[in-house]
Amino acid sequence: AKAAGGARWSLFDADRNRRELARYALSAAIPGALERGEFFLDYQPLTSLRDGTLLGVEALVRWRHPELGVLRPDSFIGLAEETGLIVQLGGWVLAEACREAESWAAGRDDAPFVSVNLAVRQVRRPGLVQEVRALLGRTGLPPERLQLEITESTMMSTVEEPVRALRVLADLGVRIAIDDFGTGYCNLAYLRDLPVTELKVAGEFVAGLRAPATDPASRTDERILGSLVSLAHALDLTVTAEGVETADQAERLRTIGCDAGQGWHFGRPAPADQILARLARARRA
Ligand code: C2E
Ligand code: CA
Ligand code: CA
C-alpha cells in the first residue's frame, strides 16, 4: 500500500511538473503573441447607480491563443508578472486602451473614461510617468479620461519613488483607483499619502448582499459597505462596487450610497464596438 502511495505521489509530481512547464511555455510565448497581435481588450461598463449613465469602462485583456483558444487574464497575468513580461504586455494594454477610448468622444464631452489595470512592476518602473505622458500626447486622450487601477498590495510593496510617480500622474489629471478595495492589508495610510480618486470595492462584499436582508452575514456586508462609502465620501473619493450581478444588489448599493456599479447586471466585458453601440443609443435617447 505504501509503494502504491509513493507511486501516486510521483505521478502527482510529474503532473505538477508538466503544468509548471506548460506555464513557462505560455509565458515564453507572450512576446511573440504580442508581435502577432493575439491579445485583445474587452471593456466592461462602470455605470452610475444614480442615473444609469455610462461613466467609464474597464479594459480587460484576453489572449486569442492559436491552440488553446481565448485565454482569460487569470491564466497568464500572474505568469507575466513573475517573469517581468507584464511591463511589455501592460504597456500594450495601456496604449491600446487609450487609442480606443480617444475615439469614443466623437467631439462630445460625455465620453466614458477608460480604466486600466496596472501591475506592481509597471508602477515601480522608473519610466511610467513618461510612458503615460507620451501616450496621452500621441493618442490625444484627455488625462481625465484615463483611470489607472492599482491594488492595495501594490501600494504596500511600493516605496516612495513610485508614489511620487502616481502623484505626478494625478496632477496631470489622470484618475487613480484602488482595485479590490477591502481585500488587501488594512492599512489606510496610502489613502492619506496617495492622490486616489476612487475606491473599487471587491465583489465579495457585494455577493453577500444576495442573502435576504435579515441574514446576519448579509447585514454585516451591508454595514461594511456603508462604512467604506462613508470613509470614501469623507475623503472626496467615489466608490464603485464590483461584481454586481442582480437588480436587487444594484438597488441596495444605491441606497447605501455607492456611486457606481460594475458587473454582469450592468454588462459583461464586451468588445469595443458594443460599448460604442451603447454610447450611441444613450446619445440618441
Ligand atoms: P479585476 O480587475 O477584479 O477585474 C474584474 C474581473 O471580474 C474580470 O475578470 C471580470 O470579467 C469579472 N467580473 C465582472 N463582473 C462580474 C460579475 O458580475 N460577477 C463575477 N463573478 N465576475 C465579474 P477577468 O476579465 O477574468 O479579469 C481577471 C483579473 O485579471 C482582473 O480582475 C485583473 O486583476 C486582471 N487583469 C485583467 N486585465 C488586466 C491587465 O490588462 N493588466 C493587469 N495587470 N491585470 C489585468
Ligand atoms: Ca481591475
Ligand atoms: Ca477588481
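Atoms within a ligand are numbered from 1 in the order they appear, just like the ligands themselves.
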Worksheet item: Under 3.5 Å, side chain of Glu152 to main-chain N/O of Gly182, donor-acceptor pair present?
Response: yes
Worksheet item: Short N/O distance, under 3.5 Å, between Arg62 and ligand 1?
Response: yes
Worksheet entry | Winner among Leu71, Val93, Leu89 once heavy atoms are compared against atom 41 (O) of ligand 1 | Val93
Worksheet item: Just wondering, do Arg133 and Leu172 contact through their side chains at under 4.5 Å, heavy atoms?
Response: yes
Item to complete: Could you find the nearest protein heavy atom to atom 35 (C) of ligand 1 and give me its residue, atom name and distance?
Response: Pro73 CB, 4.2 Å
Item to complete: Please work out whether any backbone atom (N, CA, C, O) or any side-chain heavy atom from C-beta onward of Asp179 is under 4.0 Å from ligand 1, and answer side chain, backbone, both or neither.
Response: side chain
Worksheet item: Should Leu136 and Leu169 be regarded as members of a common hydrophobic cluster, given that ILVMFWY residues are connected when their side-chain heavy atoms come within less than 4.5 Å of each other, either directly or indirectly?
Response: yes
Worksheet item: Under a 4.5 Å cut-off applied to non-hydrogen side-chain atoms, are Arg145 and Trp104 in contact?
Response: yes
Response to the item:
Nearer than 3.0 Å to the Ca ion (ligand 3), the protein contributes N, O or S atoms numbering 4
Item to complete: Flag the pair Arg268 / Asp42 as yes when at least one side-chain heavy-atom distance between them is below 4.5 Å, and no otherwise.
Response: no
Discussion item. Please say yes or no: joined through hydrophobic side-chain contacts below 4.5 Å, possibly via intermediate residues, are Leu89 and Leu148 part of one cluster?
Written reply: yes
Item to complete: Would you check if the Ca ion (ligand 2) lies under 3.0 Å from any N, O or S atom of Ser115?
Response: no
Discussion item. Among all the protein's non-hydrogen atoms, which is closest to atom 9 (O) of ligand 1, and how far away is it?
Written reply: Arg72 NH2, 3.5 Å
Fill in: For atom 28 (C) of ligand 1, the protein heavy atom that lies nearest, with its residue and separation
Asp74 OD1, 3.5 Å
Worksheet item: Non-hydrogen atoms of Gly90 versus ligand 1: any pair closer than 4.0 Å?
Response: no
Worksheet item: Under 4.0 Å from ligand 1, counting heavy atoms only, is it the side chain of Asn117, its backbone, both or neither?
Response: both
Worksheet entry | Cationic N near anionic O, under 4.0 Å, Arg252 to Asp248 | yes
Item to complete: Quick one: look up the protein heavy atom nearest atom 39 (C) of ligand 1 and list residue, atom name and how far away it is.
Response: Val61 CG1, 3.7 Å
Discussion item. I'd like to know if atom 7 (O) of ligand 1 has any protein heavy atom within a distance of less than 4.0 Å.
Written reply: no
Item to complete: Indicate the ring-plane relationship of Trp92 and Phe39, choosing parallel, tilted or perpendicular according to the 30° and 60° boundaries.
Response: tilted
Practice prompt. Would you mind running through ligand 1 and noting each atom that sits below 4.0 Å from a heavy atom of Glu58?
Written response: 2 (O), 4 (O)
Discussion item. Any nitrogen or oxygen of Gln122 lying under 3.5 Å from a nitrogen or oxygen in ligand 1? Just yes or no.
Written reply: no
Worksheet item: For the Ca ion (ligand 2), which N, O or S atom of Glu58 is at the shortest distance?
Response: OE2
Worksheet item: Are Val244 and Thr47 close enough that some pair of their side-chain heavy atoms sits under 4.5 Å apart?
Response: no
Worksheet item: To the nearest 0.1 Å, how far is atom 16 (C) of ligand 1 from its closest protein heavy atom, and which atom is that?
Response: Trp264 NE1, 3.1 Å
Worksheet item: Under 4.0 Å from any heavy atom of Asp180, which atoms of ligand 1 are there?
Response: 3 (O)
Discussion item. What protein heavy atom lies closest to atom 11 (O) of ligand 1? Include the residue and the distance to one decimal.
Written reply: Pro269 CG, 3.3 Å
Worksheet item: Below 3.5 angstrom, do we get any N/O pair linking Glu81 and ligand 1?
Response: no
Practice prompt. Using a cut-off of 6.0 Å, state whether more than 12 heavy atoms not belonging to Asp171 lie near its atom CG.
Written response: yes
Discussion item. Strictly less than 4.0 Å: does any protein heavy-atom distance to atom 32 (O) of ligand 1 fall in that range?
Written reply: no
Worksheet item: Does Ile176 share a hydrophobic cluster with Leu94, counting links as ILVMFWY side-chain heavy atoms below 4.5 Å and allowing steps through other members?
Response: yes
Worksheet item: Is any side-chain N of the basic residue among Arg99 and Glu96 closer than 4.0 Å to the acidic one's carboxylate O?
Response: yes
Discussion item. Salt bridge or not between Arg72 and Asp74? Use side-chain N to carboxylate O under 4.0 Å.
Written reply: no
Worksheet, complete the sentence: Interatomic distance, CZ@Phe113 vs CD@Glu198, rounded to 0.5 Å, equals 5.5 Å
Worksheet item: Just by distance, do the side chain of Asn117 and the backbone of Glu149 share a donor-acceptor pair under 3.5 Å?
Response: no
Discussion item. Is there a path of hydrophobic side-chain contacts, each under 4.5 Å between heavy atoms, that joins Leu55 and Ile178?
Written reply: no
Practice prompt. Go through ligand 1 atom by atom and flag the ones less than 4.0 Å from a non-hydrogen atom of Glu245.
Written response: 17 (C), 18 (O), 19 (N), 20 (C), 21 (N)
Worksheet item: Which is closest to atom 15 (N) of ligand 1 in terms of heavy atoms, Arg268, Gln262, Gln44?
Response: Gln44
